[in-house]
Amino acid sequence: MRNPISPRGRRAAVIATGLTASLVLAACGGGSSSSSGSGTTGSAASGEEVIVGLITKTDTNPFFVKMKEGATQAAQQAGVQLQSFAGKQDGDNESQVQAIENLISAGAKGFMITANDSKAIVPSLDKAKQAGMLVIALDTPVDPPDAADATFATDNFQAGNLIGQWSKAKFEAEGKQARIAMLDLSPNGVSVDVQRDQGFLSGFGIDVANKEQIGDESDPRIVGHDVTDGAEEGGRTAMENLLQKDPTINLVYTINEPSAAGAYAALEAAGKQNDVTIVSVDGGCPGVAAVKAGQLGATSQQYPLKMAQEGVNAIAAFAKDGTKPENTAGKTFVDTGVNLITDQPQNGVPSQDTTFGQQNCWG
């Protein structure tokens, strides 16, 4: 890796129209592959037409809409033809397989993909590579990661770590003991879900035990974990469940901004919205607006436009002289950046304010 909340007063209306339109990438995205061509035609060094593909999970999710915008801009600047494909529904692996077949038939030099099924798509990626194409995973690593030639993505552990550091600094400055609710994605152990969750807890200074597993920590400050499917409705239900378990919750981690919207709605319904800090990851324009309005304390902003732009440029370079992208130093992928967005900066935690967030948001 996406849903408006029924308004419950002015503050609920803000978050309903704000957070829910902002959706996670990868872990919480949907479908794949009805195609549409865009861009301009150019030439490789040999004079042949260069075709670049973009396969996203859906063409309605704002995260993927921004990806397509970035890919279109980069294709025009590089003088290549962009063929884009988007999904019909969540988990539509077969349509992504068909999109790859279409690109192979078209003689594309490479493509970018946000995989619906990181394992099931691998045979198709292998086939594309055997056909001489450059394969770039965007946002979500495939399994195994080296089934793609490169991955352009947010450092999701760092995204979680930033909101964890910020929360720890804020609670220490206010002299408050945290009672933490963890609103995760699903029971399936999706990489983005695990990385954000474990990053947040590590940033807060909590021993996560096995870094590859959600929920095995034993810190008494954690009230519990529940899953949201990355959606507003799931976030609301999960928050209600955890409030029933412990009404003293005062800090809520959420996998993404739609689930944060649901959490806020549940807190508002319980009259607790002013007593609880919510943090999240996404950085969509509605989410940044919610930070500005005070419904979110902080969010980590990621950059889908940059992911797609850099992906197109990498394929254009490959078409020209066979150059393949190199990973960011010290990492196993190309890091496209993340910034903490908050209007409540904390000592020792790097952040940007909501003015910066609004200038760089999506959705």
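Please read all numbers here as calculations on a predicted model, not as lab measurements.
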Could you state the interatomic distance from CG (L125) to CD1 (I136), rounded to the nearest 0.5 Å? 12.0 Å
Between Y253 (side chain) and D197 (backbone), is there a donor-acceptor pair under 3.5 Å? yes
Is the closest side-chain donor-acceptor distance between S259 and N256 under 3.5 Å? yes
Could you tell me whether the side chain of M182 reaches within less than 4.5 Å of the side chain of I222, counting heavy atoms only? yes
Under a single-linkage definition using a 4.5 Å side-chain heavy-atom cutoff for Ile, Leu, Val, Met, Phe, Trp and Tyr, are V65 and V52 assigned to the same hydrophobic cluster? no
Would a 4.5 Å heavy-atom cut-off, applied to side chains only, mark Q359 and T355 as touching? yes
Looking only at the side chains, is there a donor atom on one of T354 and D343 sitting less than 3.5 Å from an acceptor on the other? yes
Any donor-acceptor pair under 3.5 Å linking the side chain of D184 with the backbone of S186? no
Is there a donor-acceptor contact under 3.5 Å from the side chain of W166 to the main chain of Q344? yes
State, with a plain yes or no, whether a side-chain heavy atom of I249 is found less than 4.5 Å away from one of M239. yes
For the side chain to side chain contact (heavy atoms under 4.5 Å, CB included) test, which of V135, N102, L134, I104 pairs with F111? V135
Report the C-alpha separation of V334 and T151 in whole Å, then their side-chain angles, then the decisive distance to 0.1 Å, and conclude whether the side chain to side chain contact (heavy atoms under 4.5 Å, CB included) test is met. CA-CA 6 Å; V334 180; T151 300; over 6 Å; no
Side-chain heavy atoms under 4.5 angstrom apart, residues restricted to Ile, Leu, Val, Met, Phe, Trp, Tyr: same cluster for V194 and F157? no
K324 versus D149, closest heavy-atom pair with distance: NZ-OD1, 3.4 Å
Is there a donor-acceptor pair closer than 3.5 Å between any side-chain N or O of D193 and the backbone N or O of R196? no
Gap between atom CD1 of I163 and atom CD of Q158 - 0.5 Å precision: 11.0 Å
Please find the pair of heavy atoms, one from Q213 and one from Q198, that lie closest to each other, and give the distance. O-OE1, 3.2 Å
Interatomic distance, CG@D282 vs CD1@I341, rounded to 0.5 Å, equals 12.0 Å
Can you tell me how far apart CG (D139) and OG1 (T56) are? Round to the nearest 0.5 Å. 11.0 Å
Out of curiosity, does V97 fall in the hydrophobic cluster containing L103 (side-chain heavy atoms, cut-off under 4.5 Å, transitive links)? yes
Is Q98 close to Q96 at the side-chain level, that is, under 4.5 Å between some pair of heavy atoms? no
Does T114 reach the side chain of I55, with side-chain heavy atoms less than 4.5 Å apart? no
Atom NZ of K211 with >12 non-hydrogen neighbours under 6.0 angstrom: no
Between N116 and N93, is any side-chain donor less than 3.5 angstrom from a side-chain acceptor? no
Can you see whether E257 engages T299 through a side-chain donor-acceptor pair at a distance of less than 3.5 angstrom? yes
Using every non-hydrogen atom in the two residues, find where G283 and C361 come nearest and quote the distance to one decimal. O-CB, 3.4 Å
Contact check, side chains of I180 and F204, non-hydrogen atoms, under 4.5 Å: yes
Judged by modelled atom types alone, do Q165 and N161 share a side-chain donor-acceptor pair under 3.5 Å? yes
For D126 and Q130, which I'm curious about, is there any donor-acceptor pair between the side chains at under 3.5 Å? no
F200 side chain reached by S167 side chain, heavy atoms, under 4.5 Å: yes
To the closest 0.5 Å, what do you measure between CE (M67) and CG (L138)? 4.5 Å
Looking at N347, I want to see if its CG is surrounded by more than 12 non-hydrogen atoms of other residues, nucleotides or ligands under 6.0 Å. no
Decide whether L243 and L183 are clustered together by the hydrophobic rule: side chain heavy atoms of Ile, Leu, Val, Met, Phe, Trp, Tyr closer than 4.5 Å, transitively. yes
Go through the steps for E69 and L305 under the test side chain to side chain contact (heavy atoms under 4.5 Å, CB included), then give the verdict. CA-CA 7 Å; E69 179 184 328; L305 184 134; 3.7 Å; yes
If you compare all heavy atoms of L242 against all heavy atoms of V223, which two are closest, and at what distance to 0.1 Å? O-CG1, 4.2 Å
Judged by modelled atom types alone, do R179 and N250 share a side-chain donor-acceptor pair under 3.5 Å? no
Is any side-chain N of the basic residue among R236 and E233 closer than 4.0 Å to the acidic one's carboxylate O? no
K272 side chain to P247 backbone, donor-acceptor under 3.5 Å: yes
Evaluate the side-chain proximity of P144 to V122: yes if any heavy-atom separation is below 4.5 Å, no if none is. yes
How far does NZ of K66 sit from CG of N61, to the nearest 0.5 angstrom? 13.0 Å
Run the side chain to side chain contact (heavy atoms under 4.5 Å, CB included) check on M112 and I315 step by step: do they pass? CA-CA 9 Å; M112 302 157 286; I315 296 171; 4.0 Å; yes
Polar side chain donor-acceptor pair, Q309 to Q73, under 3.5 angstrom: yes
Take atom NZ of K129 as the centre, draw a 6.0 Å sphere, and report whether it contains more than 12 heavy atoms from other residues, nucleotides or ligands. yes
Working note: S95 + F85, criterion side chain to side chain contact (heavy atoms under 4.5 Å, CB included); need CA distance, chi angles, decisive distance, verdict. CA-CA 9 Å; S95 290; F85 302 79; over 6 Å; no
Give a yes-or-no answer on whether the side chains of T323 and D321 include a donor-acceptor pair shorter than 3.5 Å. yes
Does N156 offer a backbone N or O that forms a donor-acceptor pair with the side chain of T154 under 3.5 Å? no
Determine the minimum heavy-atom distance between E217 and L201, stating which atoms define it. OE1-CD1, 3.6 Å
How far apart are the closest heavy atoms of L82 and G53, and which atoms are they? CD1-C, 4.3 Å
Sub-3.5 Å donor-acceptor pair from the side chain of S300 to the main-chain atoms of A159, do we have one? yes
Could you check whether atom NZ of K119 has more than 12 heavy atoms from other residues, nucleotides or ligands sitting under 6.0 Å from it? no
Is it the case that more than 12 heavy atoms not belonging to E326 sit under 6.0 Å from its CD atom? no
What verdict does the salt bridge (Lys or Arg N to Asp or Glu O under 4.0 Å) test give for K68 and D59, after you've listed the backbone C-alpha separation in whole Å, the side-chain angles of each residue and the deciding distance to 0.1 Å? CA-CA 8 Å; K68 184 175 179 180; D59 59 4; over 6 Å; no
Main chain of S191, side chain of E212: is a donor-acceptor contact present, judged purely on distance under 3.5 Å? no
Applying the 4.5 Å side-chain criterion to the ILVMFWY set and letting contacts propagate, would V227 and I255 be lumped into a single cluster? no
Give a yes/no verdict on a cation-pi contact between K176 and F171, requiring under 6.0 Å between NZ or CZ and the six-membered ring centre and an angle within 45° of the axis. yes
